[in-house]
K.L.:
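I am attaching a structure below and will ask some questions about it afterwards.
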Amino acid sequence: MNSLVLKKGRDKSLRRRHPWLFSGAVEKAAGKPGDTVAVRDADGQVLAHAAYSPKSQIRARVWTFDAAEAVDADFFRGRLQKALALREALPAAKHTNALRLVHGESDGLPGLVVDRYADVLVAQFLAAGVERWRDTILDLLSEISGCEAIFERSDAEVRKLEGLEPRVGFARGNRNASRCPIVEYGLNFRVDVEQGQKTGFFLDQRENRQRVRALAAGREVLDGFSYTGGFSIAALAGGAKRVTAVESSAAALEVAKENLAANPLDASKVEFVQADVFAQLRTLRDQNAKFGLIVLDPPKFAPSAAQVKKAARAYKDINLWALKLLAPGGLLATFSCSGGVSPELFQSIVAGAALDAGADAKIIERFGAAADHPVALEFPEGDYLKGLLVLKAG
Ligand code: SAH
């Protein structure tokens with residue numbers, strides 16, 4: 001079997017069971033992309049089996065820390081069964097037919113993301129290792145989940161870092177994939193798995209949408225970066241007085257309107273505005289608009305550590321204007337999905353925004369990703385979504 005030998009003293013993170021091996025820690029390695037390699041310390045002892053990725057700075061991703069375990073179809077069967085069983089046991093599974101079934105490294109399957117939208121699976125193969133085992137994984141997924149249709153959305157940017165070309169389309173089965181109907185806590189949504197963002201829907205925000213629903217009664221709501229209307233429709237279902245949804249993508253707004261129509265709610269209470277949130281917040285301020293609840297769920301402003309400074313300015317800007325637009329007693333549910341922005345940094349950005357807005361504001365709750373997006377304790381990189389519920393006193 002191919003080997004990957006670590007430099008002397010560079011086995012610490014591996015011994016803490018971190019699944020990534022960076023190029024700087026590697027003394028020598030041989031193999032083709034996706035090959036399983038035995039990872040050895042400088043003394044030759046096997047510490048793990050990993051997927052080799054010669055083109056990536058993450059030179060290998062660990063499949064198993066058990067030197068005696070084989071990486072074969074049975075291995076993948078075991079990992080997938082475990083991942084799916086975990087989701088079946090979740091309380092949310094009783095309230096929705098849309099769940100993340102596999103969350104990469106945190107499910108022991110580095111580079112693999114699988115979301116279930118009713119009877120359609122959407123899979124992303126994001127690293128050389130899972131790319132090599134693609135066929136095995138697809139067969140096992142349809143067997144274990146009972147879903148015949150698997151749509152592949154291997155078009156994320158990170159594939160480039162692995163030297164992999166994008167691939168999009170049905171990998172198994174076939175059907176209309178531009179509007180997969182799902183139910184989330186009694187609300188109907190259509191998911192465009194073909195052309196929607198990521199795999200089509202932001203499942204990580206499920207419980208936070210529920211929280212917003214519970215807080216929305218009687219409030220004027222502003223949903224910034226609304227995508228297909230998740231928070232807006234939840235707020236309306238929760239009894240919001242009015243909802244203004246701001247989103248730049250016309251395609252997302254089209255689905256949002258269909259989603260609204262798919263629920264027995266008073267659609268006349270929702271206004272969809274196709275605009276840039278940064279500009280629209282200022283426009284609303286000029287119009288003297290006031291809101292009782294504002295949601296800010298922007299895209300990843302800092303895809304990597306290099307963009308953190310610029311991202312911090314963007315987060316501060318939107319939070320500042322949102323805090324100005326809040327009426328006294330108003331609530332701001334504000335999120336960041338940038339891995340490079342830590343919860344501490346995010347909190348200090350929002351604190352700076354409150355200071356500059358002249359708002360007396362307090363954190364009354366904290367948000368994270370839903371439980372179908374577990375974070376393995378040895379893999380803190382998996383903990384990307386953070387949010388604060390801020391109450392503006394005056
Ligand atoms: N809250 C949504 C997910 C939001 S994803 C949900 O629960 O489903 C972020 C959204 O922000 C995307 O739809 C993207 O098109 C939109 N977006 C990105 N930049 C924007 C900008 N400057 N102004 C308005 N919308 C923007």
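Remember, it's 1-based here, ligands and their atoms both numbered in the order they're listed.
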K.L.:
Can you say whether the rings of Tyr384 and His103 are parallel (under 30°), tilted (30 to 60°) or perpendicular (over 60°)?
P.N.:
tilted
K.L.:
By the ring-ring contact (aromatic ring centres under 6.0 Å, His included) test, which pairs, at least two apart or in different chains, include something from residues 242-291?
P.N.:
Phe278-Phe301
K.L.:
Can you pull the residues with any heavy atom under 4.0 Å from ligand 1?
P.N.:
Gln197, Phe202, Arg209, Phe225, Ser226, Tyr227, Phe231, Glu247, Ser248, Ser249, Ala275, Asp276, Val277, Phe278, Asp297, Pro299
K.L.:
For Glu207, which residues count as a side-chain contact (heavy atoms from CB on, under 4.5 Å) partner, sequence neighbours excluded?
P.N.:
Ala92, Tyr185, Ala370
K.L.:
Output yes when a side-chain donor or acceptor of Asn188 lies under 3.5 Å from a complementary backbone atom of Ala262, and no otherwise.
P.N.:
yes
K.L.:
Apart from Tyr52 itself, what residues make up its hydrophobic cluster when side-chain heavy atoms of I, L, V, M, F, W and Y under 4.5 Å apart count as a link, directly or indirectly?
P.N.:
Leu4, Leu6, Leu14, Leu21, Val26, Val37, Val39, Leu47, Val62, Phe65
K.L.:
Between Phe75 and Trp133, does the ring centroid distance fall short of 6.0 Å?
P.N.:
no
